[in-house]
Structures are given as C-alpha cells and as structure tokens.
2 protein chains.
Amino acid sequence: MIDRLDRKILQILQEDATIPVAEIGRRVGLSTTPCWRRIQKLEEDRVITKRVAVLDPKKVNAKVTVFVSITTSQHNEEWLKRFAEVIRDVPEVVEFYRMSGQVDYLLRVVVPDIEAYDLFYKRLISRIDIADVSSAFAMEQIKYATALPLNYIPLEKDKGMA
Amino acid sequence: MIDRLDRKILQILQEDATIPVAEIGRRVGLSTTPCWRRIQKLEEDRVITKRVAVLDPKKVNAKVTVFVSITTSQHNEEWLKRFAEVIRDVPEVVEFYRMSGQVDYLLRVVVPDIEAYDLFYKRLISRIDIADVSSAFAMEQIKYATALPLNYIPLEKDKGMA
DNA sequence: TTTATCGAAGAATAATTTTCCCCATTCAGT
DNA sequence: ACTGAATGGGGAAAATTATTCTTCGATAAA
C-alpha cells in the first residue's frame, strides 16, 4: 500500500505539483528514479487522480458561493441518477453531496453575483422536480484547500532501507 | 485582461495540467511560444494560483465529509482572526466560509469516519469558544470539481490576428 | 551459502520547457 | 502616407526535466 515516503510525496504534490521529481526526491530522501517510480505507481493506483491548475475565484468572476440544500419527495434511484447527470454538466455546481438528516442533497454553487444565482436557481428548478430548496450565501471564503489530510492513511511497514 | 484564447487555455489547465504547452497551443490554435507566454502571464497575474495533484479521498482514508455550521456570540474581528488562524493549520478542515443568515460560519471537514469526527469535534470546541455547532454528514460525494465556471469572465476584445 | 526479489542509484536518452531573435499588425503622432 | 513604438505571433536553439536502462546492494527464503 502506502508507506511514509509515499505519504511525504503526496503531501508535497498536493500543495505544489510543479516541483521537479529530483527535488521531491531530495526532500523525502530518495534519488530521482525511485521517487519517479513511486509517483507513477501512485498515479496508476489512482491515488493521484489528476493534476490541475487552481484559479483565483475573484479573477474569473466567480466571487459568490451559495450552498443549496435540497429536499425531495422522490427518493428512488432513477430520480437521483437523472439529477446527478444534469448536475454533472453544470459548471456552476462545483460540489454535490448526498446527505443524511433533514436535507437530502447539498450543492455548492459558484456564481458571480446574486442575480446570476437567481437565474441559475430558476433554471435548476425548471429542469428538475424538487420539493424544497434553501440557499445559504457565503460572504467570504476564508479557507479553501484541495489537499486532503493524510494523517489517517493506514501505513504499511517501511520498505527496506539502503 | 482575459480574452477568448486565455479562457480556452484556462479551461484546459483546470481539467488537466499535465498537457504539454505545445499541445495546448495546438488545441487553442496557437504555436508553443505565444501559448507559453500567455500561461506565464496568467500565473504572474495570479489568475492561476497553483498547480496541484488531486487525490482520491477513498484511497487516503478521507471518506467522510461533514459540514459544520457554527454560530457564535462573538462577532468581533479579533475572535474571527484567531479562529481563522487556528483553522488554517487544521488539515481536516478543507473549506471555511463566513456566511450570511442564521449560520455564521460553515466548515467542510474531512475525516475517515464518525469516531474521528467526534475526536476532531471535541478538539475544536476545546480550542475555540463557540456558541452553537451543528453537524451534517455527507453519505456520498456525487460531484467534486476544482474547476470554476469560466463563462462569467468579462471578455476583452480579441487581440489582433496574424 | 545460494538464489530470487525488491528497491536504490547513476548515466543515457527523450520530451518538454524556456529563451532568443525576428516578423506582422495596429495605432498615434507628424 | 510615413515613422516608430507597442503588442502579439512564430521558429529554432538552449536548458531543464522526465523517462528509460542497466547495474548494485540489501533482505529473506530455501
């Protein structure tokens, strides 16, 4: 599975994927080749799923985040499948969760302003049959991390040392 | 500002930042050098803030997402500043918003399971003075995108064509 | 002790990024 | 209309980085 070295590598790559393999190796105490192979393996194993550029929301006019809580009377598989499919292609919806508790689904929606959200909202409820919707507006994004916590990974015994 | 070509480039890079510049250029109809220069500028201008590796939550034992709604009696700058500082270094908190409406703050917290969440929760309320907390558990992450919608960018007139 | 396995290291090669120099277009000023 | 500066694009060379290949050393089982 994943050992300490892999975890260190992931930690680095989660924060900055532009760092050359040789430098990553140096930081984790490995020469280029084995470090490179580990990264390859992490990609093959789909631990690393992709590498992306992260943009500044303000600079692309995506300043407002809205959390949309959805309750539905429809609880069958078919309905969800269709719902998920519609959402998948809507770029304004950046996150989508099925919840436990009162709310059935939670969306994080990104738009430039309240008017744009209203348009989005009307388009959404016209496309899908939803029982109840409630919107909560974020005034400020204080933290946004793509990096997941790695301290919960069950560690394999370290591999042999040189 | 940003023109159509820049936007196309951003669209590509938001989805996959491993594509070579020459290939990106080909896709947007540009040769390597000017395409490279545009990407450089987007990075200088901090439109692109970073490039990161995205991991599979299941593979790193970060399977449970909890949305934590926080209400506080403290509404002064100092309190928020201290709160934000504490949160910044907690890797389990991947998102943090200041909200309008009933809830003051909203956190997205990532942990392996409910027990781990309980530990996290206890640690949180011991470190910070909070009036009211409510937790909502996500059962399933149906969509998670790091890519922001780009269709709201105010476009500059296209630059001269060769 | 021998052999098989696994990871590491270093050098060679391939691919990609980055730099450098030049050309075309636009536009303001004369 | 001409000139010159500013802006953006292109091709080829140089530099850096990724990838491959081959070898070496440690470990564990027989």
Side-chain angles (χ1 to χ4, degrees), chain A residues 1-56 59-60 146 150 153-162, chain B residues 1-56 59-60 146 150 153-162:
Chain A
M1 289 256 97
I2 294 175
D3 68 3
R4 268 182 193 73
L5 288 178
D6 290 324
R7 195 172 66 176
K8 276 193 196 175
I9 292 171
L10 289 174
Q11 199 126 31
I12 294 170
L13 250 25
Q14 271 200 129
E15 298 294 342
D16 185 352
T18 68
I19 301 170
V21 180
E23 168 65 15
I24 296 171
R26 202 190 55 68
R27 291 194 199 176
V28 305
L30 226 49
S31 74
T32 309
T33 306
C35 184
W36 180 83
R37 267 204 284 257
R38 278 168 180 267
I39 293 170
Q40 290 302 309
K41 182 150 176 31
L42 289 166
E43 282 171 347
E44 273 170 33
D45 295 348
R46 301 283 173 196
V47 178
I48 297 173
T49 55
K50 41 158 91 172
R51 290 150 179 268
V52 301
V54 177
L55 310 188
D56 181 344
K59 298 279 172 64
V60 296
T146 51
L150 300 181
I153 299 178
L155 282 186
E156 199 187 43
K157 215 198 314 285
D158 277 345
K159 288 147 194 169
M161 319 227 55
Chain B
M1 290 257 92
I2 294 176
D3 68 3
R4 267 180 194 74
L5 287 178
D6 290 325
R7 195 172 66 177
K8 277 192 196 174
I9 292 171
L10 289 174
Q11 199 124 32
I12 294 169
L13 250 25
Q14 270 200 130
E15 298 294 343
D16 185 352
T18 67
I19 301 170
V21 180
E23 168 64 15
I24 296 171
R26 204 189 54 68
R27 291 195 198 173
V28 305
L30 224 49
S31 72
T32 308
T33 305
C35 183
W36 180 84
R37 271 200 288 249
R38 278 168 181 269
I39 294 171
Q40 288 303 307
K41 183 151 175 28
L42 289 166
E43 283 172 345
E44 272 172 32
D45 294 349
R46 301 282 174 196
V47 178
I48 297 171
T49 55
K50 41 157 86 171
R51 290 149 178 268
V52 302
V54 177
L55 310 188
D56 180 344
K59 299 279 173 60
V60 297
T146 50
L150 300 181
I153 299 178
L155 282 185
E156 199 187 44
K157 215 198 314 285
D158 277 344
K159 289 146 194 169
M161 319 226 57

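The structure displayed is predicted, hence computed values, not measured ones. Letters A, B, ... mirror the listed sequences (proteins, then strands); counts begin at 1.
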Q. Between residues 23-34 of chain A and DNA chain D, which residues have a heavy-atom gap below 4.0 Å?
A.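 When residues 23-34 of chain A is checked for heavy atoms under 4.0 Å from DNA chain D, the hits, listed by number, are T32(A), T33(A).
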
What's the shortest heavy-atom distance between [X] and [Y], and which atoms?
{"X": "L42(A)", "Y": "L10(A)", "value": "CD1-CD2, 3.8 Å"}
{"X": "I24(A)", "Y": "C35(A)", "value": "CG2-SG, 3.8 Å"}
{"X": "R46(B)", "Y": "D56(A)", "value": "O-CB, 3.4 Å"}
{"X": "V54(B)", "Y": "T146(B)", "value": "CG2-CG2, 4.4 Å"}
{"X": "A17(A)", "Y": "A53(B)", "value": "CB-N, 3.8 Å"}

Q) OP1 or OP2 of dT17(C) sitting under 4.0 Å from any side-chain N/O of W36(B)? A)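 For W36(B), the contact criterion (side-chain N or O under 4.0 Å from OP1 or OP2 of dT17(C)) is not met.
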
**Q.** Phosphate OP1/OP2 of dG9(D): any R38(B) side-chain N/O under 4.0 Å
**A.**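 Checking dG9(D) against R38(B), a side-chain N or O does come within under 4.0 Å of OP1 or OP2.
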
Given atom [atom1] of [X] and atom [atom2] of [N], what is their separation to the nearest angstrom?
{"X": "Q40(B)", "N": "dT16(D)", "atom1": "CD", "atom2": "P", "value": "15 Å"}
{"X": "I19(B)", "N": "dA15(C)", "atom1": "CD1", "atom2": "P", "value": "18 Å"}
{"X": "L5(B)", "N": "dG9(D)", "atom1": "CG", "atom2": "P", "value": "7 Å"}

Q: Could you tell me which residues satisfy salt bridge (Lys or Arg N to Asp or Glu O under 4.0 Å) with R27(A), sequence neighbours excluded, listed by chain and number?
A: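 For R27(A) the salt bridge (Lys or Arg N to Asp or Glu O under 4.0 Å) partners, ignoring immediate neighbours, are E23(A).
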
Q. In chain order, what residues pass the salt bridge (Lys or Arg N to Asp or Glu O under 4.0 Å) check against D45(A), with sequence neighbours excluded?
A.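 K41(A).
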
Q) Checking side chain to side chain contact (heavy atoms under 4.5 Å, CB included) against R38(A), which of I9(A), I2(A), T33(A), V28(A) comes through? A)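 Looking at I9(A), I2(A), T33(A), V28(A), the match for R38(A) under the side chain to side chain contact (heavy atoms under 4.5 Å, CB included) is I9(A).
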
Q | Between CZ on residue R7(B) and CG on residue L150(B), distance to nearest 0.5 Å | A |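 Output value for this atom pair is 7.0 Å.
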
Q.
Please list, in numerical order, the residues of residues 8-17 of chain B that have a heavy atom closer than 4.0 Å to any atom of DNA chain C.
A.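 The answer is none.
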
Q | Axis bend over the full length of the helix from dT1(C)-dA30(D) to dT30(C)-dA1(D), computed from five pairs that close each end, to 10 degrees | A |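 Terminal axis comparison yields 20°.
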
Q: Applying side chain to side chain contact (heavy atoms under 4.5 Å, CB included), name anything that partners E15(B), two or more places apart in sequence or on another chain.
A: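 Result, side chain to side chain contact (heavy atoms under 4.5 Å, CB included) vs E15(B): K50(A), A147(B).
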
Q: Determine, stepwise, if the pair R51(B) / L13(B) fulfils side-chain contact (heavy atoms from CB on, under 4.5 Å).
A: CA-CA 9 Å; R51(B) 290 149 178 268; L13(B) 250 25; 3.9 Å; yes

**Q.** Residue R37(A), side-chain atoms from C-beta onward, closest of dA8(C), dC21(C), dT17(C)
**A.**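 Among the listed nucleotides, the one closest to the side chain of R37(A) is dA8(C).
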
